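Since the structure comes first, as structure tokens, the remarks are kept for the end.
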Amino acid sequence: MKMRMLAQSICATAVLSLLSISASAQSTVTAYAGATDVTLSSTFTSALTALSVKVGQVNPTMVSGGVVSFPIVTGVIDRDTAMGNLIHSGGLTFEGGSTTVRLQDFIIDTTGSMPMITGVAVVDNKVVGRLPLFDLTLPSGFSVPLKTHGNTLALMGVKVTLDAKAAAALNKVYGVSQFTAGLSIGTANVTAYVSSADWTY
């Protein structure tokens, strides 16, 4: 009788462990589409205008009415911790005088000490490398676990500011001092379409 009860206890513990692992695994979702839409701040656009720098897009990014839309192509997010990466296609161009800067292949990275956007910097068609570009401030009231509605994971009202390294790089390229760390770039709304299914083959 005792052996039977012990066996039943072991089986119950094993089932609970498997359920716990399954629930933990399901908290991580894969992004397969979506977009990050950034409403550019007047502070940022005014600074560019003062420097006679024109903003353009790297396809398939769209710029319209002061809003820039960057398509999400893939990524992974742990809903329990909000840690992960969202990878975008496209980017932005900045043309001033004879110098053209492209910032593209943006990644929203929340795996470090603070959330940020990194990107590949290209100056006059020469790749400089991947740099931290923008720092992100999550909206008030943000909490985990992240909630999905159907297959949609959305986060609205994320503040985007210029990272110190990006500010230094832009000042150096254009020979100015107007770009400063913390300069308001705008406000981002992130919408990712996700799946918790196993995508391995």
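The shown structure was predicted, so the numbers you read here are calculated from the model rather than taken from an experiment. Quick note: numbers below take in every heavy atom, side chains included, and nothing from hydrogens, waters or symmetry partners.
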Any side-chain heavy atom of [X] within less than 4.5 Å of one from [Y]?
X	Y	result
Pro139	Leu155	yes
Ile77	Leu153	yes
Val158	Thr137	no
Thr30	Val194	no
Leu103	Val120	no
Val68	Leu92	yes
Val144	Arg79	no
Leu48	Thr45	no

Transitive ILVMFWY side-chain link [X] to [Y], under 4.5 Å:
X	Y	answer
Leu86	Leu138	yes
Phe44	Leu51	yes
Val173	Val176	yes
Val38	Ile72	yes
Val101	Val55	yes

Do you know the tightest heavy-atom contact between [X] and [Y]?
X	Y	value
Ala167	Ala181	CB-N, 3.8 Å
Thr110	Ala82	OG1-O, 2.7 Å
Val160	Ala188	CG2-CB, 3.8 Å
Val190	Met156	O-CE, 4.3 Å

Selection [range] - residue pairs positive for side-chain hydrogen bond (donor to acceptor under 3.5 Å, both in side chains), sequence neighbours left out:
range	answer
residues 85-106	Thr36-His88, Asn85-Asp109, Arg102-Gln104, Arg102-Asn125
residues 138-147	none
residues 48-70	Asp37-Ser69
residues 155-169	none

Hydrophobic cluster partners of [X] (side-chain heavy atoms under 4.5 Å):
X	result
Val76	none
Met114	none
Met116	none

Just how far is it from atom [atom1] of [X] to atom [atom2] of [Y], taken to the nearest 0.5 Å?
X	Y	atom1	atom2	result
Ile185	Leu136	CD1	CG	11.0 Å
Ile87	Ile107	CD1	CD1	5.0 Å
Leu162	Leu133	CG	CG	8.0 Å
Asp135	Ile117	CG	CD1	9.5 Å
Asn151	Ser196	CG	OG	10.5 Å

With sequence neighbours excluded, residues passing side chain to side chain donor-acceptor pair (under 3.5 Å) with Thr187: none
Under the rule for side chain to side chain donor-acceptor pair (under 3.5 Å), what residues qualify as partners of Asn189, not counting sequence neighbours? none
Output yes when a side-chain donor or acceptor of Thr118 lies under 3.5 Å from a complementary backbone atom of Leu131, and no otherwise. no
Inter- and intrachain pairs under ring-ring contact (aromatic ring centres under 6.0 Å, His included), touching residues 134-183, at least two apart: none
Once ring-ring contact (aromatic ring centres under 6.0 Å, His included) is applied, what residue pairs with a partner in residues 92-123 remain, sequence neighbours excluded? Phe70-Phe106
Just to verify, what does Thr43 make a side chain to side chain contact (heavy atoms under 4.5 Å, CB included) with, not counting sequence neighbours? Ser41, Leu183
